[in-house]
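First the structure, in the form of structure tokens, and then the observations on it.
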Amino acid sequence: MAKDELKYLVAKLTAQAFRETFKERLDSFPDDPEFDGDRLYEKIEKPKDPAMGDYAFPLFDTAKRWGQNPVDINKRLLEAQQAIILRDKDKFKLEFSIKGGFNNSKFAPETLARLVIDNVLNAGEEYGSSDVGSGKTIVIDYSSPNIAKPFGVGHLRSTAIGACLYRVFEKLGYRPVGINHLGDWGTQFGKLIVAYRLWGAGGLGDDPIERLNELYVRFHKEEETDPSLTDAAREAFKALESGSQDEAELWKEFVDLSLEEFQKTYDILGITFDYFTGESFYNDKMDSAIGRLKAAGLTEMSEDALVINLDKYNLPPCLLTKADGATLYATRDLAGIFYRWETFKFDRALYVVNAAQRVHFQQVFKVVELLEEAEHIPENERMSHRLEHVQFGWIRFNDQAMSTRKGNIVILKDVLHRAAELARKIIMEKNPDLKDIDRTARMIGTGAVIFADLSTRKHIDVNFDWEAVLNFEGETGPYLQYTHARLCSLVRKYGRDITADIDYNHLTRPDENRVLHLLYRFPHVIEETAAGCEPFMISSYLLQLASAFNAVYQQKDGDGRIIKIISEDEKATNARMALVEAVRIVIKEGLYLLGIEAPEEM
RNA sequence: GCCCCCGUAGCUCAGUAGGAUAGAGCAGCGGUUUCCUAAACCGCGGGCCGCAGGUUCAAUUCCUGCCGGGGGUACCA
């Protein structure tokens, strides 16, 4: 866990103070957490009221264990703390104070500035990185669109969240493995094959996805009045699954065309995968997976289907094969888990999939758990407790679920194009001399779309709103990109070495202090993002940071004049530029983690 | 029927360890630039925090019930 350096300093000093002053206790109970900086660190909190200081250490627990009055301990502690500070007064300015049972500490602004800016500038883009995940593999299953269907904005969630988590875990030292579990198998391909044979004589034309989708929609419509179609589709999929050439050829064509189309969208988004192993990849691994479950004695026949009964766990039965013998998605997910475990020996496996599939994953994970119990696999070699479903809500449109069948869908590529077009128009107005306008416009348009998706907590349903996505003001991706471009502009203009010796006394205004506090929180924000698989932590943090910096950028003196970053006062300029550089680094890195590019000019 | 998620300003959303005058963006109104990028900054107006109980010194936050919206609940994924 990346440490909060300032808090750690407080913890170390306080532990030292405890050791120096409470000799009698130290001798009899040397293992008390009070005497150890690392353990004390865990007990230190942030006060609710910032006026109390930067950190607060509550002494109630200590007092209870020691059988003493918290206020008395606090008084003795404070004396020792102050003595230590006095000895090291050249190193940092830190003030301790007590209020009842709370031992509060507050850093002098220049001390905060020095510690934070040193950290950021020395680490550069590595700031916030850590090695907590070192040696650990995390498999992330994300995006996973359905073949032969349009890539709608609904698919952006899994794609953007997964890609973000990939980068975040990588930054924390994990080895991430990104898998696109394409929906390229299943009964719907039987339907498509039948539909294509019936009505696809004209070929698929130059927009094959659209054409395939039309066929799919038409199939569903005609199926309502002609039940024989349903049977035909089932047979076609059955044939496909059992290796029939004719069906396989058609299927392959559908897959290739779709992948080609999806790749265009991924290219715009700048998103990549380590593996494009869709459901069909597991086709030849199905028998052994089913065999393994059977051998463990978990399966039974029910209504002609092969199922695993989960009544005991209050879950519907997990269907492995249908009455006609064909497999289902649970079967393929199980085979996928077995394969991934064999292949990657993952420490964690995340499934970034809509919350609607909650029960499905509960079933599948429970089956794996039962299997490993039945097989008597040692606890630490089990995969079942490493599986996690990262759930998120819908993107709705016109307050309805997006549905390809109902035609209520917004194509992601269209959104990205429109956003880039708008960005281009704005650049033409504001900065027509900019080089490479098209490229920058794409960066901004895409950034706007991705940020819009990652700027609410993932579990809520959101309504897709063209106006909101195509608005580049306020809490948006372009706002962050603009702030970054402005920071770059300052660095360019200054043009000198920023790491040269800095007088931190020039960074003590309240607005600057706020920026500094935010800067040092960044490593913690990354950890929170990983802990909750919640990119929103980063997006909301970046908005706060950008807003805090923009306030500094336009802060005014008593006469209402803007205090410029770059002025005649060399020392002040140098110090402010150090702040500028630190903010620039963090915003760029934060945007990178979200999967958003940061243009240097716009 | 049962299970899960959501209900906060006109709109979109924060508020995750219960605590004081509930925050932000958009939209509306009013300011700021002889220019370090105004895609910004500053200010104003706007809220029975779905409803009703309960726990607590204190509830938007925890518990129960109800209402409203969404999703799930064996042969789709």
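As the structure is a computational prediction, the values presented were derived from the model and not from experiment. Quick note on labels: first sequence line is chain A, next is B, and so on, each numbered from 1.
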* Asked: To the nearest angstrom, how far is A:Asn314 atom CG from B:A74 atom P?
  -> 13 Å
Tabulate protein N/O versus nucleotide N/O from nucleotides 60-62 of chain B, keeping only pairs under 3.5 Å, one per line.
none

* Asked: Which residues satisfy the ring pair (Phe, Tyr, Trp, His ring centres under 6.0 Å) test with A:Phe536, sequence neighbours excluded?
  -> none
* To do: Taking atom P in both B:G18 and B:A58, compute the distance separating them and give it to the nearest angstrom.
  => 16 Å
* Asked: Taking atom types as modelled and ignoring hydrogens, do the side chains of A:Thr327 and A:Glu241 form a donor-acceptor contact shorter than 3.5 angstrom?
  -> yes
* To do: Determine, for nucleotides 32-38 of chain B in 5'-to-3' order, which nucleotides have protein heavy atoms under 4.0 Å from the base (write B), from only the sugar-phosphate (write S), or from neither (write -).
  => S--SBBS
* Asked: Salt bridge or not for A:Arg218 and A:Glu222, using N-O below 4.0 Å?
  -> yes
* Set of residues satisfying ring pair (Phe, Tyr, Trp, His ring centres under 6.0 Å) with respect to A:Tyr282, sequence neighbours excluded -> A:His181, A:Tyr339
* Asked: Can you check the A:Phe451 CZ to B:G25 P distance for me, whole Å?
  -> 13 Å
* To do: For A:Lys458 and B:A14, give me the distance from atom NZ to atom P, rounded to whole Å.
  => 12 Å
* To do: Using the P atom as the reference point in each nucleotide, state the distance between B:A40 and B:C3 in Å, no decimals.
  => 47 Å
* With P as the reference atom in both, quote the distance from B:A24 to B:U64 in angstrom, rounded to an integer. => 33 Å
* What does A:Ala323 touch in the nucleic acid at a heavy-atom separation under 4.0 angstrom: a base, only the sugar-phosphate, or nothing? -> base
* Asked: Going by atom types only, do A:Tyr351 and A:Asp333 share a side-chain donor-acceptor pair under 3.5 Å?
  -> no
* To do: Assess the side chains of A:Ser228 and A:Asp226: does a donor N or O sit below 3.5 Å from an acceptor N or O?
  => yes
* To do: Any pair with a residue in residues 578-588 of chain A that passes salt bridge (Lys or Arg N to Asp or Glu O under 4.0 Å), sequence neighbours left out, goes on the list, sorted by first then second residue, please.
  => A:Glu581-A:Arg584
* Asked: Which is true for A:Ile427 with a 4.0 Å heavy-atom rule: it touches a base, it touches only sugar-phosphate, or it touches nothing?
  -> base
* Across the strands shown, which category fits A:Leu319 at heavy-atom distances under 4.0 angstrom: base, sugar-phosphate, nothing? -> base
Identify each donor-acceptor pair in which a side-chain atom of residues 550-560 of chain A lies under 3.5 Å from a protein atom, sequence neighbours left out, and give them as a table.
from	atom 1	to	atom 2	distance (Å)
A:Asn550	OD1	A:Arg486	NH1	2.7
A:Asn550	ND2	A:Tyr479	OH	3.0
A:Asn550	ND2	A:Thr483	OG1	3.2
A:Asn550	ND2	A:Ala546	O	3.2
A:Gln555	NE2	A:Glu512	OE2	3.2
A:Asp557	OD1	A:Asp559	N	2.9
A:Asp557	OD1	A:Gly560	N	3.1
A:Asp557	OD1	A:Arg561	N	2.9

* Given atom CG of A:Leu454 and atom P of B:G25, what is their separation to the nearest angstrom? -> 21 Å
Find every protein N or O atom lying less than 3.5 Å from an N or O atom of nucleotides 4-8 of chain B, and list the pairs.
from	atom 1	to	atom 2	distance (Å)
B:C6	OP1	A:His459	NE2	3.4

* Structure fact -> Rounded to whole Å, CD of A:Glu528 lies from C1' of B:A14 at a distance of 14 Å
* To do: Kindly write out the residues that satisfy side-chain hydrogen bond (donor to acceptor under 3.5 Å, both in side chains) with A:Trp394, not counting sequence neighbours, or none if the list is empty.
  => none
Between the protein and nucleotides 26-29 of chain B, list the N/O to N/O atom pairs that are separated by less than 3.5 angstrom.
none

* **Selection residues 300-315 of chain A - residue pairs positive for salt bridge (Lys or Arg N to Asp or Glu O under 4.0 Å), sequence neighbours left out** => none
* Asked: Considering only heavy atoms and no angle criterion, is a donor-acceptor pair shorter than 3.5 Å present between the side chain of A:Ser540 and the base of B:A24?
  -> no
* Have A:Glu223 and A:Thr230 got a donor and an acceptor in their side chains that come within less than 3.5 Å? -> yes
* To do: Select base, sugar-phosphate, or nothing to describe what A:Val580 touches, counting heavy atoms under 4.0 Å on all strands.
  => nothing
* Across the strands shown, which category fits A:Gly183 at heavy-atom distances under 4.0 angstrom: base, sugar-phosphate, nothing? -> nothing
* Close side-chain approach of A:Leu310 to A:Pro316, heavy-atom, < 4.5 Å -> no
* Asked: Hey, where does RNA chain B pair up into stems, meaning at least three consecutive Watson-Crick or G-U pairs with distances under 3.5 Å?
  -> B:1-7 with B:67-73, B:10-13 with B:23-26, B:28-32 with B:40-44, B:50-54 with B:62-66
* Structure fact -> A:Thr225 meets the side-chain hydrogen bond (donor to acceptor under 3.5 Å, both in side chains) criterion, sequence neighbours left out, with none
